[in-house]
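Chain letters run A, B, ... following the sequence lines, proteins first and then strands; every chain starts at 1.
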Amino acid sequence: MSPARTIRPVSVASFAQARNVRRDDEHNEVEMLMPVVAEVFGNISITKDDVDFICSGSTDYLIGGPFSFVMALDAVGVWPPRSESHVEMDGAWALYEAWTLLQEGEIDAALVYAFGRSSLGDLNEILALQLDPYYEAPLWPDPTSLAALQAQALIDAGKATEADFAAIASRSRKSALENPNAQVAIDIAPEVLLEDPYVVTPLRRHALPPITDAVAAVVLAAGDKAIEWAGRRGRKPVWITGMDHRMETHSLGARDLTVSPSTAKAAEMAGVGGGPVDVAEIHAPFASQEVIVAEALGLGGDTTINPSGGPLAANGVMSAGLIRIGEAAEAIATGRARRAVAHATSGPCLQQNLVCVLEGEA
Amino acid sequence: MTETAHEPVTTLATPIRLDFDFTPGVAQSRFLKGLAKATFMGQRCSVCGKVYVPSRGSCPTDGVPTTDDVELPNTGVVTTYCVVNVPFAGQSIEIPYICAQILLDGANISFMGLLQEIPTDQIRMGMRVEAVWVDEAELTPSLSSVRYFRPTGEPDAEYDTYKEYL
Amino acid sequence: MSERCAVIGVGQTHHKAKRDDISIAGLVREAAKAALEDAELTWADIDAVVIGKAPDMFEGNMMPEIYLAPALGAVGKPMIRVHTAGSVGGSTSIVAAHLIRSGAHKRVLTVAYEKQSDSDAMWALSVPQPFAAPLLAGAGGYFAPHIRAYMRRSGAPDHIGRMVAVKDRQNAMRNPYAHLHLADISMEMVEESMMLWDPLRYLEACPSSDGAAAMVLAAEDSISGRYPPAWVHGMAMRSEPTMFAGRDQVNPQAGRDCAADVYAQAGVTDPRKDFDVAEVYVPFSWYEPMWLENLGFCDLGDGWKLTESGATAFDGDIPWNTSGGVLSSNPIGASGMLRFLEVAMQVRGQAGEHQVDGARLALGQAYGGGSQFFSMWVVGSEKP
């Protein structure tokens with residue numbers, strides 16, 4: 001296991017997402033996914049018969065019933081039977097699983113999708129169930145309060161100020177004006193945002209992500225398929241040149257919350273430092289967390305962060321990480337970047353992090 | 001206290017209650033609205049022609065939206081069944097009861113239904129059944145509009161006519 | 001490009017109705033530590049962790065890898081959580097094996113568990129859905145009608161299910177980790193047990209267990225352990241839609257396709273002859289004859305004859321579930337991994353009293369959902 005191991009080039013051949021919304025009252029998960037799956041195939045004129053593997057990411061607790069991933073498969077139509085798998089994680093990890101299979105060289109294309117409707121229950125209560133079930137979950141600490149602890153630690157360490165959080169929120173939502181799929185897109189100056197009331201000190205309303213219903217899908221392709229499919233819409237392939245993910249301990253008291261060693265390690269393994277980063281799509285649901293991730297990724301001032309608006313503009317739980325990879329790939333495919341980094345996170349206070357490096361062809 | 005001071009704590013109870021909204025979706029909404037009118041509304045796949053009831057909006061094998069509405073009759077056949085004799089939390093029907101897979105006439109998929117007005121030892125695969133609806137005033141967009149299914153008394157369906165739905 | 005992969009360590013807990021001596025973290029650790037010891041490795045030797053379990057609602061702990069990371073030595077490492085319904089223990093093993101085969105890692109710890117006593121699995125499986133009839137009474141209520149369909153289709157006599165129920169419980173007497181140790185099990189005892197989901201009786205159904213399973217998988221240049229490695233000769237997953245017109249729930253296409261795929265990878269042409277032993281997910285007794293047919297161990301309609309002939313018994317020509325199987329221990333999320341793990345134990349020659357003499361090639365199978373998800377692997381004592 002070394003960064004030097006030979007990586008089979010795999011491309012993000014297609015990406016699609018539904019318009020991120022506060023609540024889709026009209027459609028069930030299958031109905032939300034169907035047009036997105038159709039689009040992700042349609043973009044490159046392929047069908048479900050052209051992919052060798054399917055992997056999805058979702059969680060039962062968002063919908064409040066077991067096996068929510070099961071019926072979602074009906075959006076694809078897995079007949080005849082398909083090689084298929086599911087992670088109870090953000091779709092970014094489903095993409096990692098598919099990418100791993102593609103590394104073996106026996107298959108050439110995979111469909112990855114993710115869905116999550118954060119609006120159906122009380123997300124603060126739901127996410128409290130991620131915590132240690134004996135010592136923490138019974139106290140129902142909500143993710144916003146935990147993020148506030150982290151933000152305060154950041155301020156106390158002199159690494160950031162509330163004004164920095166406001167600047168991040170302002171920039172994110174302004175960038176979202178260019179993203180037709182974003183949920184919260186508005187141009188408000190940081191100074192104005194600083195008049196927001198606190199939700200949990202030191203986090204003001206603008207530093208929190210919106211509640212979002214979202215679905216997204218990606219097609220990965222390797223070898224000739226990658227080149228041919230990109231060519232079908234006059235593009236060059238966008239290659240994944242490295243990907244890694246790392247876990248940290250669950251005990252918040254045992255972590256220095258102002259840093260993200262798991263992101264730094266994943267970035268090192270994925271080879272982020274091997275070249276300039278034009279665009280970084282960072283899955284930091286709270287504005288304060290972007291400061292930590294950007295530092296861990298080693299980004300300099302030349303990097304444009306979250307041109308899509310990022311999770312402060314739309315935060316579909318379980319799909320926001322996958323969307324970061326899709327948005328980073330689109331930035332390259334459309335010539336806005338040559339090299340990009342995408343990041344996904346899971347757990348309270350950035351406990352688990354994934355880093356994906358993407359490059360276009362000159 | 002002194003007796004148990006050295007006993008380990010083995011259990012702690014954490015009651016969890018979460019409330020969720022539910023979105024049935026476009027296709028299921030049509031089905032549910034049908035129930036409020038004491039009818040079974042299905043949908044036909046435009047690719048394979050199969051009729052799904054209830055439809056979740058997609059053809060599970062073709063992965064395309066089902067948009068062609070089909071009104072189905074009140075009658076069908078029991079493809080298979082089991083007799084439930086196990087109590088569980090949240091159960092609202094007195095055990096033992098018959099849980100049957102019912103294939104409505106004209107449908108290409110069976111669904112699970114409660115069978116009543118027949119002793120549990122007299123149920124057969126292939127039995128013809130019909131839906132018994134609640135009183136008109138009690139009809140709602142919900143499966144509780146179907147009180148249960150009961151035998152029609154017609155001759156049983158031939159095994160060959162429903163075996164592909166097993 | 002694909003690396004060889006082998007099982008070099010296995011571990012499991014003592015499966016019980018209620019492991020109230022231990023937390024969830026303690027449960028997974030018990031299995032993981034045993035697997036590390038068997039592999040003669042320490043936590044530091046592990047590159048990545050892959051964990052699987054059935055629905056989170058079974059314990060009320062959402063995405064439990066987050067809480068379990070430190071207990072499984074995953075801090076600073078990649079960790080993946082798999083969930084593919086009842087087949088999850090099998091698919092978790094497969095995802096872990098892909099991490100080796102892709103060259104991403106040298107040694108991967110994979111763990112699966114369920115601590116059913118921490119919540120109410122029956123409730124979690126029967127959560128009332130809005131607008132739906134509250135009919136479903138756990139997994140048995142789902143599978144019993146399909147069992148009836150199999151009986152009708154094959155003409156199998158009633159006693160076949162009871163035979164499997166007895167055989168697997170007798171096998172469990174040879175397995176110190178099994179949940180059920182029913183020394184006096186008999187056909188009469190099964191017949192006299194309560195009818196739960198007619199035609200399924202209490203003793204024809206799996207128990208509800210707390211338990212965990214763990215394996216260490218390694219690349220060819222990283223082999224260690226107390227026993228020789230069990231080489232992975234083939235592995236596959238297949239899914240089909242949950243409900244569709246004309247779906248064969250007795251003999252699902254996804255199961256047949258999955259078997260055909262692993263057999264082709266492993267060079268198996270006659271499963272009954274080529275395999276020395278199989279561990280197959282049989283949560284309800286009738287699923288043995290059903291899966292015998294689905295997995296091609298006999299012709300269609302003949303599964304029950306194979307069971308009746310004693311071919312699948314411990315001393316038969318193709319023993320199935322010598323560990324006692326799911327009918328004797330069912331920590332749901334781990335049940336599939338136990339199948340995969342038990343066949344690795346067989347070809348490594350470490351299965352103790354339930355060891356099949358000279359086992360060299362074995363099939364592990366897991367299925368889930370409403371028989372629409374399948375995962376399988378073939379392991380052998382020789383390098384593929």
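Note on C/P70, C/A54, C/A48, C/S91: by heavy-atom pairs under 4.5 Å with chain A, the leading option is C/P70. Interface check for chain C: of the options A/S85, A/S58, A/A266, A/G347, the most heavy-atom pairs under 4.5 Å are formed by A/S85. Looking only at heavy-atom pairs under 4.5 Å with chain A, the residue among C/D56, C/L68, C/V82 that has the most is C/D56. Put simply, of C/E59, C/E240, C/K53, the one with the most heavy-atom pairs under 4.5 Å next to chain A is C/E240. Interface remark: of the candidates A/L101, A/D60, A/I54, A/L101 forms the most heavy-atom pairs closer than 4.5 Å to chain C. Between chain A and the options C/G369, C/G370, C/S375, C/G76, the largest number of non-hydrogen pairs under 4.5 Å is found for C/G76. Ranked by heavy-atom pairs under 4.5 Å with chain A, the first of C/A85, C/A219, C/S87, C/G368 is C/A85. When each of C/M243, C/M62, C/M79 is checked for heavy-atom pairs under 4.5 Å with chain A, C/M62 comes out on top. Each of A/V78, A/V87, A/L354 has some count of heavy-atom pairs under 4.5 Å with chain C, and the biggest count is that of A/V78. Note: A/H86 leads A/M71, A/H86, A/E136 in heavy-atom pairs under 4.5 Å with chain C. Of the listed residues (A/T59, A/N353, A/V70, A/V76), the one with the most heavy-atom contacts under 4.5 Å to chain C is A/V70.
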Under the side chain to side chain contact (heavy atoms under 4.5 Å, CB included) criterion, do A/L73 and C/T242 qualify, and how do the steps go? CA-CA 9 Å; A/L73 257 185; C/T242 306; over 6 Å; no

Side chain to side chain contact (heavy atoms under 4.5 Å, CB included) between C/H98 and A/E104: does it pass, once the steps are laid out? CA-CA 8 Å; C/H98 279 303; A/E104 290 171 36; 2.5 Å; yes

Applying side chain to side chain contact (heavy atoms under 4.5 Å, CB included) to A/Y134 and C/Y67, what does each step give before you reach the verdict? CA-CA 10 Å; A/Y134 306 102; C/Y67 145 66; 3.2 Å; yes

Is there a side chain to side chain contact (heavy atoms under 4.5 Å, CB included) between C/M63 and A/M318 once you walk through the steps? CA-CA 11 Å; C/M63 299 164 71; A/M318 309 316 278; 3.9 Å; yes

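Atoms OG and CZ, from C/S239 and A/F69 in turn, are 8.5 Å apart once rounded to the nearest 0.5 Å. Taken to the nearest 0.5 Å, the CD atom of C/E65 stands 5.0 Å off from the CE atom of A/M89. C/R238 CZ to A/E84 CD: the interatomic distance, rounded to the nearest 0.5 Å, is 11.0 Å. Atom CD1 of C/I80 and atom CD of A/Q352 lie 8.5 Å apart (nearest 0.5 Å).
When heavy atoms are compared at a cutoff of 4.5 Å, C/V95 approaches chain A solely by way of its side chain, counted from C-beta outward. Looking at C/A236, there are no atoms closer than 4.5 Å to chain A (heavy atoms on both sides), in backbone or side chain. Contact annotation for A/E97: only side-chain heavy atoms (C-beta onward) come within less than 4.5 Å of a heavy atom of chain C. Within the 4.5 angstrom heavy-atom criterion, only side-chain atoms of C/Q372, from C-beta onward, approach chain A. There is no contact between C/I94 and chain A, counting heavy-atom distances below 4.5 Å. At a 4.5 Å heavy-atom cutoff, C/P64 makes no contact with chain A through either its backbone or its side chain. A/D74 touches chain C through its side chain: at least one heavy atom from C-beta onward sits under 4.5 Å away, while N, CA, C and O do not. Only the side chain of C/F244 comes within less than 4.5 Å of a heavy atom in chain A; its backbone stays farther off. Neither the backbone nor the side chain of C/D261 comes within less than 4.5 Å of any heavy atom in chain A. Looking at A/L131, only its backbone comes within 4.5 Å of chain C, counting heavy atoms on both sides.
Between the A/Q103 side chain and the C/A104 main chain, no donor and acceptor come within less than 3.5 Å of each other. A distance-only check finds no donor-acceptor pair linking the side chain of A/Q130 to the backbone of C/I66 [under 3.5 Å].
Of all the heavy atoms in A/Q351 and C/A69, the pair that sits closest is NE2-CB, 4.2 Å. The nearest pair of heavy atoms linking C/A74 to A/M247 is O-CB, 3.6 Å.
Between A/F67 and C/H83, the two ring planes are tilted [angle within 30° to 60°].
Residues of residues 245-258 of chain C lying under 4.5 angstrom from chain A, judged on non-hydrogen atoms, are C/Q253, C/A254, C/D257 by number. Within residues 114-127 of chain A, the residues having any heavy atom closer than 4.5 Å to a heavy atom of chain C are A/I126, A/L127, listed by residue number.
Annotation for A/D49: atom CG counts as buried by contact number, over 12 foreign heavy atoms lying within 6.0 Å.
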